Amino acid sequence: MRAVNEAPAAFRSSNDRPGPIALIRNAITDVWSRRRLIVYMVRADAKKRGANTVLGNVWWVLDPLITMLIYVLVMTIIFQRATPDFPLFLLSAMVPFKWFTATIGSSTNAVTGKQALIKQIMFPKIILPVTSSISQVVSFLFGMFVLFMVLLVAYTSHLTVQVAWVPLIAVVQFVFVLGFTFIVSAVTVFYRDVGIVIGHFMRLLFWISPILWSFAAVAGRGQALEEAMTAADRTLGLPTGTLFNILHYNPVAQLLESYRKVIYGNLGATIQDDGRRELIWTTATAPDLPMLAAIFVSGVVFILIGTIIFKRLEPAFAKLL
């Protein structure tokens, strides 16, 4: 019996295996021909998550609210952060970040969690990560519903026409993360520890992403972070600004900054009569469209790469599960 960590036969050289273009074409055909099954599975997953708890679908709304209240308590009372309208500042980045982490996290179980189904029925397995990714969109939509209710009820001054950019940013995020779900869901079949590693990585990503803080120099954290990264560059012998640019311009950080720009606005500072600097928010602005275009293109590339990897490994799934 093959060990779980054994290299899959799909990676061995073969003269008759389909090429990358054929694999991509087959994947598109598989997904499109099973689109009704995907819709059914998404609905079934949403109903299952709601039926497995006492409060059912109420948790779709309560979850982001409770998470927001916890972090508002920690940051404003315990750490005494003076960020204006902090609940909205937090939610505008936290909701899309939870969507990102939930999608990647669910992909680790997208195939391995369906082993009974895979052994019993012949069907294209690539619909499993697609279904898993779309299911998480439902959670995101409920989170955005809560965010906009908070915006309409408590922070109407932040409401501008710039929020119309949110669907575009969400589409870019979905495209960017989909390719990763193909890779993660396929590789996890052979290396089950991938899920554990990703869990730890997502916790690290939370703290180094602009969720509880901002890259804005006026907020103090951005400037302090840049200084710390510059010191690390000197220690490692890297060109000045290397680590900060990696942290600042990575796709996840840029997506979160885009949501915050169009929903919350931007952070600024004003000097009080007593010389104190007080943080203020400035009106919302459009996102960095060239950056979003670059993330979208990179997402398409990851989808193509992920599709090829998944389809190469797919024939071995039934043997290992």
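The figures here come from the full heavy-atom set of this structure, side chains too, leaving out hydrogens, waters and symmetry mates. In this text, all values refer to a predicted model and were calculated from it rather than measured experimentally.
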Testing the basics here: between [X] and [Y], what is the closest heavy-atom pair and its distance to 0.1 Å?
| X | Y | answer |
| --- | --- | --- |
| Val172 | Leu292 | CG1-O, 3.7 Å |
| Ser185 | Val189 | O-CG2, 3.5 Å |
| Met68 | Pro87 | SD-CB, 3.9 Å |
| Val252 | Asn250 | N-OD1, 3.0 Å |
| Pro210 | Glu257 | CB-OE2, 3.8 Å |
| Pro96 | Phe140 | CA-CE1, 3.9 Å |

Sidechain-backbone polar pair: [X] side chain, [Y] backbone, donor-acceptor under 3.5 Å:
| X | Y | answer |
| --- | --- | --- |
| Arg25 | Pro20 | no |
| Ser132 | Leu128 | no |
| Trp213 | Ser209 | yes |
| Asn266 | Ala284 | no |
| Arg34 | Ile127 | no |
| Gln254 | Met291 | no |
| Asp85 | Leu88 | no |
| Glu314 | Lys125 | yes |
| Thr108 | Ile104 | no |
| Arg43 | Tyr40 | no |

Looking at [X], I'd like to know if its [atom1] atom is crowded, meaning that more than 12 non-hydrogen atoms belonging to other residues, nucleotides or ligands lie closer than 6.0 Å.
| X | atom1 | result |
| --- | --- | --- |
| Phe145 | CZ | no |
| Phe206 | CZ | yes |
| Leu204 | CG | yes |

Aromatic rings Phe174 and Trp99: how do their planes relate, parallel, tilted or perpendicular, breaks at 30° and 60°?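 Correct class here is parallel.
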
Geometric class of the Phe310/Phe317 ring pair [parallel <30°, tilted 30-60°, perpendicular >60°]: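 Geometry flag for Phe310 against Phe317: perpendicular rings.
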
Quick one: are [X] and [Y] in side-chain contact, heavy atoms under 4.5 Å?
| X | Y | result |
| --- | --- | --- |
| Gln173 | Tyr259 | yes |
| Tyr264 | Leu151 | no |
| Thr181 | Val184 | no |
| Thr242 | Leu236 | no |
| Ser298 | Val300 | no |
| Lys261 | Gln162 | no |
| Val262 | Val163 | no |
| Phe244 | Thr230 | no |

Just to verify, which of Phe180, Phe296, Phe182 counts as forming a ring pair (Phe, Tyr, Trp, His ring centres under 6.0 Å) with Phe302?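 Only match with Phe302 under ring pair (Phe, Tyr, Trp, His ring centres under 6.0 Å): Phe180.
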
Verify the cluster assignment for [X] and [Y]: are they in a single hydrophobic cluster under the rule of side-chain heavy atoms below 4.5 Å apart?
| X | Y | result |
| --- | --- | --- |
| Ile183 | Val197 | no |
| Met122 | Ile118 | no |
| Val194 | Ile196 | no |
| Val297 | Leu178 | no |
| Leu91 | Met149 | yes |

Which distance, rounded to the nearest 0.5 Å, do you find between the [atom1] of [X] and the [atom2] of [Y]?
| X | Y | atom1 | atom2 | result |
| --- | --- | --- | --- | --- |
| Ser107 | Ile198 | OG | CD1 | 5.5 Å |
| Met144 | Leu141 | CE | CG | 8.5 Å |
| Leu255 | Phe100 | CG | CZ | 8.5 Å |
| Ile169 | Ile295 | CD1 | CD1 | 9.5 Å |
| Leu147 | Ser92 | CG | OG | 6.5 Å |
| Ile308 | Leu313 | CD1 | CG | 12.0 Å |

Polar contact flag, side-chain donor to acceptor under 3.5 angstrom, Ser133-Thr103: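 The criterion, which ignores hydrogens and geometry beyond distance, is not satisfied for Thr103 and Ser133.
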
Side chain to side chain contact (heavy atoms under 4.5 Å, CB included) assessment of Leu212 paired with Phe89: CA-CA 8 Å; Leu212 302 177; Phe89 175 89; over 6 Å; no

Verdict with reasoning, Met229 to Asn245, per side chain to side chain contact (heavy atoms under 4.5 Å, CB included): CA-CA 9 Å; Met229 293 295 99; Asn245 287 335; over 6 Å; no

Using the rule given for side chain to side chain contact (heavy atoms under 4.5 Å, CB included), can you reason through Val111 versus Thr188, listing the C-alpha separation, both sets of side-chain angles and the distance that settles it, and then say yes or no? CA-CA 8 Å; Val111 176; Thr188 304; over 6 Å; no

Could you please spell out the steps behind the side chain to side chain contact (heavy atoms under 4.5 Å, CB included) verdict for Ile305 and Val301? CA-CA 6 Å; Ile305 295 173; Val301 172; 3.8 Å; yes

